[in-house]
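Data block below; observations after.
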Number of protein chains: 2
Amino acid sequence: MNDDILKNTALKTTKSRLAILRILGKSSEPMTADDIYSLAVKEVNLSLSTTYRTLGTLAEKGILLKNMSQDGKTYYQINNRQHKHHLVCTLCNETVPIEDCPLTNLEENLIQKTGFVITGHSLEFSGICPRCTNNMRD
Amino acid sequence: MNDDILKNTALKTTKSRLAILRILGKSSEPMTADDIYSLAVKEVNLSLSTTYRTLGTLAEKGILLKNMSQDGKTYYQINNRQHKHHLVCTLCNETVPIEDCPLTNLEENLIQKTGFVITGHSLEFSGICPRCTNNMRD
DNA sequence: GTGGCTGCAAAACCTTTGCACACAA
DNA sequence: TTGTGTGCAAAGGTTTTGCAGCCAC
C-alpha cells in the first residue's frame, strides 16, 4: 500500500521510507521530524538526516503536508485531502483538532482578486487549555 | 507617543525601543527581527540580540503581534487590533495582504466547544503569483 | 543607587548539505 | 550496473542566553 505510493512517484522503496509512511499513517496528528525519527529508529536503522530528506521528498511529491507551527517546528502529516487545523495550548501544548476548514470560500475569492495560484494555507489557533487555566489559579 | 506605550507597561524608555517601535509603526507589513535590526542600526546603536529581546518583551506585553511564517522566520507587527493575514508567493515572496479576517466566528465556536481561552491565531496562504506563473512559461 | 537594559560572544536549536558508501531497480 | 538513497559529521540560519558593564528612573 505504502509501497504503491512510492512506486507511483518514481521513488525507490526503502525500509526507511516505508517506516516513515507507516508511522505517519498511524498517527492522527501531525508529527515533527524528530517525533517520527524517534519512532522509526525502533523499527529500522535510519538517521535523522534521512528522516528529514525523506519527509522533504514526500512533501514535494504531495504525499505529505508540511507545516510550520507557531512553536517553530515543522510538522508533517499524510495528505489525505481532508486536512485539519489545530488549536494549541501555549502552555502545555495540548492540541485539539478542528474539524471544519472554513477557508475554501475565501480561497476562491482570493484567486479571483489576486491572480495567484493558491497551493496551500496554514492556520493555527493559540490559546490556553482548561487544565492550564485551572493550574494558574493554584 | 511610543514613549507613552512604554510608560504604560512599566518598560523603560530607551533609544533602542523607541527606534524599533518607530520602524514598526511606519511599516505596513510584518517584519523579521533582522529586517528591523537592519533599519534600526542606521538610527541608533543597538545589537541584534537587543532587537530580539525587545521584540520578545513587546510581544509579551501585547504591544506587538509575533507570528511564525511558513518560511521559518518570525514576523513582528504592531498590534493595532486590526490584524491582517497574507498570501505569500512561494517563489518570489511577493506578499498580498488579506483585508478580512474570517475567523472571528469560528473562534466563538471553538471557545464554547473546547473551553480554551483563545489568545490568537495564525493564518497564511501560499501560492504562486501571476508574475512567477508567467516566468515559468518562458 | 538600583534594577532593568544592553553588547558581545557563545551556545542552542532545528534543519540542510557534502561526501563516500550502500542498495534498489 | 547505475543512479538514487543513506550515514556521518559538519555547517547553516535563526533565535536564545550568560555575564559584565551601562543607563533610565
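Proteins get letters first, then strands, A, B, ... in listed order; numbering begins at 1 in each.
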Practice prompt. Look at the rings of B:H121 and A:F125 and say which category their plane angle falls in: under 30° parallel, 30 to 60° tilted, over 60° perpendicular.
Written response: perpendicular
Worksheet item: At under 4.0 Å between heavy atoms, what does B:N45 touch on the DNA or RNA strands: base, sugar-phosphate, or nothing?
Response: sugar-phosphate
[atom1] of [X] versus [atom2] of [N]: gap in Å, rounded?
{"X": "B:K73", "N": "C:dC13", "atom1": "NZ", "atom2": "P", "value": "22 Å"}
{"X": "B:I20", "N": "C:dT6", "atom1": "CD1", "atom2": "C1'", "value": "11 Å"}
{"X": "B:L48", "N": "C:dC5", "atom1": "CG", "atom2": "C1'", "value": "16 Å"}
{"X": "A:M68", "N": "D:dT15", "atom1": "CE", "atom2": "C1'", "value": "13 Å"}
{"X": "B:L11", "N": "D:dC25", "atom1": "CG", "atom2": "C1'", "value": "13 Å"}
{"X": "A:Y37", "N": "D:dT6", "atom1": "OH", "atom2": "C1'", "value": "13 Å"}
{"X": "B:L18", "N": "C:dT6", "atom1": "CG", "atom2": "P", "value": "10 Å"}
{"X": "A:Y75", "N": "C:dT15", "atom1": "OH", "atom2": "C1'", "value": "15 Å"}

Item to complete: Indicate whether the side chain of A:Q70 and that of A:S126 have a donor and an acceptor atom separated by less than 3.5 Å.
Response: no
Practice prompt. Nearest-nucleotide wise, let me know which of B:K15 and B:T32 is further upstream toward the 5' end of DNA chain D.
Written response: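 Nearer the 5' end of the strand: B:T32.
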Phosphate OP1/OP2 of [N]: any [X] side-chain N/O under 4.0 Å:
{"X": "A:T50", "N": "D:dT6", "answer": "no"}
{"X": "A:T74", "N": "C:dT15", "answer": "yes"}
{"X": "A:S16", "N": "D:dG5", "answer": "no"}

Can you tell me which nucleotide in [options] comes closest to the side chain of [X]?
{"X": "B:S49", "options": "C:dC5, C:dG7, C:dT16", "answer": "C:dG7"}
{"X": "B:Y52", "options": "D:dT14, C:dA24, C:dT6", "answer": "D:dT14"}
{"X": "B:R17", "options": "C:dT6, C:dT17, D:dT16", "answer": "C:dT6"}
{"X": "A:T54", "options": "C:dT17, D:dT6, C:dT15", "answer": "D:dT6"}

Worksheet item: Could one point to a donor on the side chain of B:R53 or the base of D:dG18 with an acceptor on the other under 3.5 Å away?
Response: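 In this structure, the two groups form a donor-acceptor pair.
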Worksheet item: Got a donor-acceptor pair under 3.5 Å from the side chain of B:T14 to the base of D:dC23?
Response: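 Per atom types, no contact qualifies.
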Discussion item. Once rounded to the nearest 0.5 Å, what's the spacing between atom CD1 of A:I98 and atom CG of B:L106?
Written reply: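 Between atom CD1 of A:I98 and atom CG of B:L106 there are 6.0 Å.
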Discussion item. Within the structure provided, determine whether A:T14 and A:L46 are in side-chain contact (heavy-atom separation under 4.5 Å).
Written reply: no
Practice prompt. Would you indicate whether the side-chain heavy atoms of A:R17 and A:K12 approach each other to under 4.5 Å?
Written response: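 SC-SC contact between A:K12 and A:R17 confirmed.
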